[in-house]
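Because only heavy atoms are used, hydrogens play no part in the values below, and waters and symmetry mates are left out as well, while side chains stay in. Chain letters run A, B, ... following the sequence lines, proteins first and then strands; every chain starts at 1.
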Number of protein chains: 2
Amino acid sequence: MVEELNNPEYKELDEETLFIVSQTFKALADPTRIRILHLLFEGEFSVNDISETLQLRQSNVSHQLRFLKNLRLVKYRRDGKSIYYSQDDEHVMHILQQTINHALHY
Amino acid sequence: MVEELNNPEYKELDEETLFIVSQTFKALADPTRIRILHLLFEGEFSVNDISETLQLRQSNVSHQLRFLKNLRLVKYRRDGKSIYYSQDDEHVMHILQQTINHALHY
DNA sequence: TTATCATATGAATATATGAACATATGAGTA
DNA sequence: TACTCATATGTTCATATATTCATATGATAA
C-alpha cells in the first residue's frame with residue numbers, strides 16, 4: 001500500500017466544482033452581502049427595507065441582490081410596487097449561520 | 001406584537017464578527033486556496049510538494065499559505081530543510097468539505 | 001393613458017486581489 | 001564556518017470587485 005503523504009492517486013477537484021465552490025464562498029466573503037443575508041434570516045424584505053435598515057444605497061443593494069440572485073441564494077416576488085427578497089438556499093444559509101456562531105464564540 | 005417585516009429590534013452583526021466571517025469565507029473563495037486546502041485533506045505536505053502536485057509557482061504557494069496561516073486555517077512544522085503544512089481548523093475544513101460535496105451532487 | 005414610485009442598470013472610479021519575477025532569509029549540513 | 005537548499009518576502013502588473021452617481025425600466029395607481 002502506498003503512503004498517504006506521497007499518494008500518486010490524488011484526485012484533484014474538477015474545474016467546474018472548483019468554480020461553483022469558489023463562487024459560493026465569494027458570495028459570503030463580502031461584509032455587505034453578509035449583512036443582507038443576515039437580515040434575510042429574519043424574513044422577507046423589499047429592496048427599500050434592506051436599504052434603510054442597513055443604511056446602504058439603493059443601487060448598491062440592488063447590485064448585491066443581483067449577485068445573490070444569480071447564485072440562487074435569494075429569490076424574490078413582487079407585491080404592489082415593491083419587490084420582496086428572501087433566502088433561497090438552505091444549505092448556504094446554514095453554513096453562514098454556523099460560521100457566524102463560530103465567530104461569535106471565539 | 002410587532003410585525004416581523006418591520007422589526008425595530010433587529011440586531012445587526014457587530015463589525016468584528018463581520019470581519020472574521022468575511023475573512024474566513026474569503027480564504028475559501030479562491031480556486032488556488034481551495035486546491036491547496038483540498039490537498040491538505042490528504043495529510044501533511046511541504047511547500048514543494050504542494051507546488052509540484054498542483055503545478056503552482058513556489059512563491060504563489062507560499063503567499064497563499066501565509067494567508068491561510070494568518071487565519072489559522074493551517075499550521076506548519078519544520079523537518080530538515082522542508083516545512084510541512086497541514087490543516088488547523090476542523091470547523092472551516094468541514095464547511096469546505098460540505099460545500100464541495102454539495103457542489104459535486106448538483 | 002399618464003404619472004409615479006420602486007427597482008434595475010450602465011458607466012466610472014477607487015480599491016482589493018492574485019500571480020509572477022527577482023531576491024532575501026535562514027535553518028541544515030558539509 | 002560557509003554553502004546550499006527550501007521557503008518567504010517585496011514589488012509590480014493585470015484583473016476583479018465594491019460602491020457611487022445618473023438614468024432607464026417597468027409595473028401600479030390615479
Neighbour count above 12 (heavy atom, 6.0 Å) for A/R72 CZ =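 No, the 6.0 Å shell around CZ holds no more than 12 heavy atoms from other groups.
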
| For B/F67, does the CZ atom have more than 12 heavy-atom neighbours from other residues, nucleotides or ligands under 6.0 Å away? |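 Count over threshold, so yes.
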
Distance check needed: [N] [atom2] versus [X] [atom1], whole Å only.
| X | N | atom1 | atom2 | result |
| --- | --- | --- | --- | --- |
| B/Y84 | D/dA6 | OH | C1' | 10 Å |
| A/L28 | D/dT17 | CG | P | 15 Å |
| A/R78 | D/dG26 | CZ | C1' | 7 Å |
| B/K81 | D/dC5 | NZ | C1' | 5 Å |
| B/N60 | D/dG10 | CG | P | 17 Å |
| B/I83 | D/dA8 | CD1 | C1' | 8 Å |
| A/R57 | D/dT20 | CZ | P | 5 Å |
| B/N48 | D/dT4 | CG | C1' | 14 Å |

Touch check for B/Y85, heavy atoms < 4.0 angstrom, all strands: base, sugar-phosphate only, or nothing?
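Touches sugar-phosphate only.
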
Base, sugar-phosphate or nothing for B/S62? Non-hydrogen atoms, less than 4.0 Å.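 If one applies the 4.0 Å heavy-atom cut-off, B/S62 turns out to touch a base.
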
query = Between A/Q64 and D/dT19, is there a side-chain N or O to OP1/OP2 distance below 4.0 Å?
reply =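 Yes, A/Q64 has a side-chain N/O under 4.0 Å of OP1/OP2 on D/dT19.
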
Hey, could you give me the CZ/CG distance between A/R35 and A/L40, rounded to the nearest 0.5 Å?
->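 Here the interatomic distance stands at 12.5 Å.
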
I need the B/E44 CD to B/I83 CD1 distance, nearest 0.5 Å.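 Taking CD in B/E44 and CD1 in B/I83, the distance rounds to 11.5 Å.
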
Practice problem: Please answer whether D/dT9 and B/H63 are stacked, defined here as ring centres separated by less than 5.5 Å and planes angled under 30°. | Solution: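 The base of D/dT9 is stacked with B/H63 (centres under 5.5 Å, planes under 30°).
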
**Request:** Walking along DNA chain C from 5' to 3', note the first and the last nucleotide with an atom under 4.0 Å from a heavy atom of chain B, and give both.
**Result:**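 Listed 5' to 3', the contact boundaries are C/dT17 to C/dG28.
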
Q | Between B/S51 and B/N48: side-chain donor-acceptor atoms closer than 3.5 Å | A |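 The criterion, which ignores hydrogens and geometry beyond distance, is not satisfied for B/N48 and B/S51.
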
Q) Step by step, would you call A/V21 with B/H38 a side-chain contact (heavy atoms from CB on, under 4.5 Å)? A) CA-CA 12 Å; A/V21 172; B/H38 183 254; over 6 Å; no

Margin query: Between A/H105 (side chain only) and A/N101 (backbone N and O only), is there a donor and an acceptor less than 3.5 Å apart?
Written below: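 Yes, A/H105 side chain to A/N101 backbone: donor-acceptor pair under 3.5 Å.
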
query = Taking for each residue the nucleotide of DNA chain D bearing the nearest heavy atom, is the 5' side occupied by B/L65 or by A/F67?
reply =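 Nearest nucleotide further toward 5': that of B/L65.
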
